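As structure tokens, the structure follows; a few thoughts come after it.
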Amino acid sequence: EFTLHGVAQGTFTATPMKVVVCISSGVVGGLIIGLITEYYTSFSYDPVKEVAVSCKKGGAATNIIYGLALGYKSAIIPILVLAVIIFLSFSLCDTYGVALA
């Protein structure tokens, strides 16, 4: 247990359990982001197969729009995961927790 000076809080006490939660949330969040990225970029899964099929059927503009829409859709879950990790880590150990995560 140790005391640090924070940004949002003047001083705060970081316990080993808070530190473990920050690190664990970062590891699990990284795993989730990696799996979601694999799903949206691997040819083994449906999103990429759908883009390939639309390239055969549609024109260039349709393919660009479809690819952009899929890219935007693939960013939603990683952004939410990052927001939750940052909020959790910051509320537990201020900027030290965010650095650990």
Side-chain angles (χ1 to χ4, degrees):
E1 191 169 305
F2 50 95
T3 303
L4 294 170
H5 298 285
V7 175
Q9 308 166 10
T11 58
F12 66 95
T13 303
T15 63
M17 190 60 189
K18 289 181 180 179
V19 170
V20 167
V21 169
C22 292
I23 293 171
S24 299
S25 67
V27 169
V28 170
L31 178 66
I32 292 170
I33 291 170
L35 292 174
I36 294 297
T37 302
E38 175 71 19
Y39 176 74
Y40 279 103
T41 58
S42 174
F43 192 75
S44 303
Y45 300 105
D46 289 335
V48 177
K49 290 179 183 178
E50 290 174 6
V51 171
V53 168
S54 76
C55 286
K56 291 179 184 177
K57 293 181 180 179
T62 305
N63 298 333
I64 291 171
I65 292 170
Y66 190 80
L68 280 171
L70 184 63
Y72 294 147
K73 183 179 175 183
S74 70
I76 293 171
I77 295 173
I79 289 171
L80 292 176
V81 168
L82 279 173
V84 168
I85 291 169
I86 291 170
F87 178 76
L88 176 68
S89 299
F90 192 80
S91 63
L92 289 176
C93 292
D94 213 83
T95 53
Y96 180 66
V98 176
L100 290 174

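Worth saying up front: this structure is predicted, and the values here are computed from it rather than measured.
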For [X] versus [Y], what's the shortest heavy-atom pair and its separation?
X	Y	value
E1	T15	OE1-CG2, 3.8 Å
F43	A52	CE1-CB, 4.3 Å
C22	L100	CB-CB, 4.3 Å
D94	V7	OD2-N, 2.7 Å
I85	G29	CD1-CA, 3.4 Å
A14	V19	CB-CG2, 4.5 Å

Inset, instruction - Using atom types as modelled and distance alone, determine if a side-chain donor or acceptor of T62 lies under 3.5 Å from a backbone N or O of G58. - result: no

Inset, instruction - Please step through side-chain contact (heavy atoms from CB on, under 4.5 Å) for the pair V53 and K49, ending with a clear verdict. - result: CA-CA 6 Å; V53 168; K49 290 179 183 178; 5.5 Å; no

From [X] atom [atom1] to [Y] atom [atom2], the distance as rounded to the nearest 0.5 Å:
X	Y	atom1	atom2	value
I86	S91	CD1	OG	12.0 Å
Y40	D46	OH	CG	10.5 Å
K73	I76	NZ	CD1	8.0 Å
I65	N63	CD1	CG	9.5 Å
I32	L35	CD1	CG	8.0 Å
T41	L70	OG1	CG	10.0 Å

Inset, instruction - Kindly indicate, with the supporting measurements, whether the criterion side-chain contact (heavy atoms from CB on, under 4.5 Å) is fulfilled by L4 and T11. - result: CA-CA 6 Å; L4 294 170; T11 58; over 6 Å; no

Inset, instruction - Taking the side chain as every heavy atom from C-beta outward, state whether S74 and P47 have any pair of such atoms under 4.5 Å apart. - result: no

Do [X] and [Y] belong together in a cluster built from hydrophobic side chains that touch within less than 4.5 Å?
X	Y	result
I64	Y72	yes
V28	I77	yes
F2	F12	yes
I23	Y96	yes
M17	L92	yes

Inset, instruction - Classify the ring geometry between Y39 and Y45 as parallel (under 30°), tilted (30 to 60°) or perpendicular (over 60°). - result: tilted

Inset, instruction - Give the intermediate values and the outcome of side-chain contact (heavy atoms from CB on, under 4.5 Å) for residues T37 and I33. - result: CA-CA 6 Å; T37 302; I33 291 170; 4.1 Å; yes

